[in-house]
Structures are given as structure tokens and as C-alpha cells.
Amino acid sequence: MRHNKSFNHLGRKSGHRKAMLSNMASSLIRHKRIQTTVAKAKALKMYLEPLVTKSKTDSTHSRRTVFSYLKDKYAVSELFRTIAPKIANRPGGYLRVLHTGFRQGDGAEMALIEFVDFNVAALAATEAKETKKTTRRGRSKKAAEPAKKEVEQEKTTEAGE
């Protein structure tokens, strides 16, 4: 039984598990979304969210702490330069796990894990909804103006005859 066990060991020894989570976290930071199994996605979420919280304060100590977990200086600089400013006022929940179905070979349940503020398709959809501010009244007035001019021209031609 797994009473009081705090995280999923993923069937690996601790060194292999730490290296795998570090590599997956670096890939997620660089590409903003990756596809993996649901168990690994949940473990990665538990692994990476404290590091993202740590990146909110850009100090030497926090950079060194994050680097000790990720071991990739490009991922650390990407995290502190581009991701941290976007999530500065978010109180948590930086990652989203979306279930995508089952893998063809072994039937493992797959998931897409991504940063919440970096989903380009969802952000574009919300921006498109906000930009639509025209009303039906405004369009009907513009369409009615040429019709009024035609009626006035007809009246003047009838009066002139």
C-alpha cells in the first residue's frame, strides 16, 4: 500500500527519476508544451510549479536554486526572462494537463502539459472575442444613409417635373 507516500516514483530509481523530470521540465520551458503520459505529466507538474514560483523573484539565489534542479542554463534564462513576467500576478496553477487519449502501442493514457499563459490558440480566441465591439445599430444607420439620399433625389426630380 502507498499510505502517506507524497509522490509517484514512476517505477524508477531516484537518480533516473530526477534526471528524467529535469529533462522534461527543461523541454517544457523551452517549447511551452509537451506530450507525455498522464502519470509523468502529473509528476512534472508537482516538480515544476515550485520552480516557477521561485522564478518570480529574480535574484541570484533563486536562479541558483532553480539551476540546481534543471541543470540547463538556457532553460533557466528562458524561465526567468519570458515566463516569469507573464505569470507574475498569477497566484499558482501555472501548468495545465489535458488528457488526449491512449497511445497506440501500449494503450498508455497520454496527456498534453502546457503553460496556462502561453496557449496561443486560446489567447487568440479570447482576444478576438474582445475586439468585436460593433453593434447592429451602427451598421443599420450607415446602410440607411444612402437610401435616404435616393429618396430625397426622387422627391426633387418629381417636384422639378
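Note on residues 101-114: pairs passing salt bridge (Lys or Arg N to Asp or Glu O under 4.0 Å), not counting sequence neighbours, are R33-E114, R96-E114, R103-D106. For residues 38-54, the side chain to side chain donor-acceptor pair (under 3.5 Å) pairs, not counting sequence neighbours, are T53-Y94. Sorted by first and then second residue, the side chain to side chain donor-acceptor pair (under 3.5 Å) pairs involving residues 21-32 (not counting sequence neighbours) are R30-D72, K32-E78.
N89 is linked by a side chain to side chain donor-acceptor pair (under 3.5 Å) to nothing, counting only residues two or more places apart in sequence or in another chain. With sequence neighbours excluded, no residue forms a salt bridge (charged side-chain N to carboxylate O under 4.0 Å, His left out) with R12. By the salt bridge (charged side-chain N to carboxylate O under 4.0 Å, His left out) test, R63 is found to be paired with D58, residues two or more places apart in sequence or in another chain being considered. Under the side chain to side chain donor-acceptor pair (under 3.5 Å) criterion, S59 pairs with S62, sequence neighbours left out. For A111, the side-chain contact (heavy atoms from CB on, under 4.5 Å) partners two or more places apart in sequence, or in a different chain, are V38, A41, V97. Residues passing the ring pair (Phe, Tyr, Trp, His ring centres under 6.0 Å) test with H99: none are found, sequence neighbours excluded. N4 meets the side-chain contact (heavy atoms from CB on, under 4.5 Å) test with no other residue; sequence neighbours excluded. Not a single salt bridge (charged side-chain N to carboxylate O under 4.0 Å, His left out) links R81 to another residue, sequence neighbours left out.
Atom CZ of F115 is separated from atom CD1 of I83 by 4.0 Å, given to the nearest 0.5 angstrom. Rounding to the nearest 0.5 Å places CD1 of I87 at 7.5 Å from CG of D117.
No side-chain heavy atom of Y74 sits less than 4.5 Å from a side-chain heavy atom of L79. M110 has its side chain out of reach of F102: every pair of non-hydrogen atoms, C-beta onward, lies at least 4.5 Å apart.
The minimum heavy-atom distance between M24 and I34, with the atom names listed, is O-CD1, 3.8 Å. Closest approach of F80 and T57 over heavy atoms only: CE2-O, 3.8 Å. Counting all heavy atoms, side chain and backbone alike, I29 lies closest to A75 at CG2-O, 3.4 Å. The two residues L21 and L44 come nearest to each other via the heavy atoms O-CD1, 3.8 Å.
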Please output the side-chain donor-acceptor pairs of residues 64-71 that fall under 3.5 Å, not counting sequence neighbours, one pair per line with the distance.
residue: T65; atom: OG1; partner: H61; partner atom: O; Å: 2.8
residue: S68; atom: OG; partner: T65; partner atom: O; Å: 2.6
residue: K71; atom: NZ; partner: S68; partner atom: O; Å: 2.7

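Placement of L98 and F118 in two distinct hydrophobic clusters is found when ILVMFWY residues are connected by side-chain heavy-atom separations under 4.5 Å, directly or transitively.
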**OP:** Test I113 against L48 for side chain to side chain contact (heavy atoms under 4.5 Å, CB included), laying out the working first.
**Re:** CA-CA 11 Å; I113 183 167; L48 190 58; over 6 Å; no
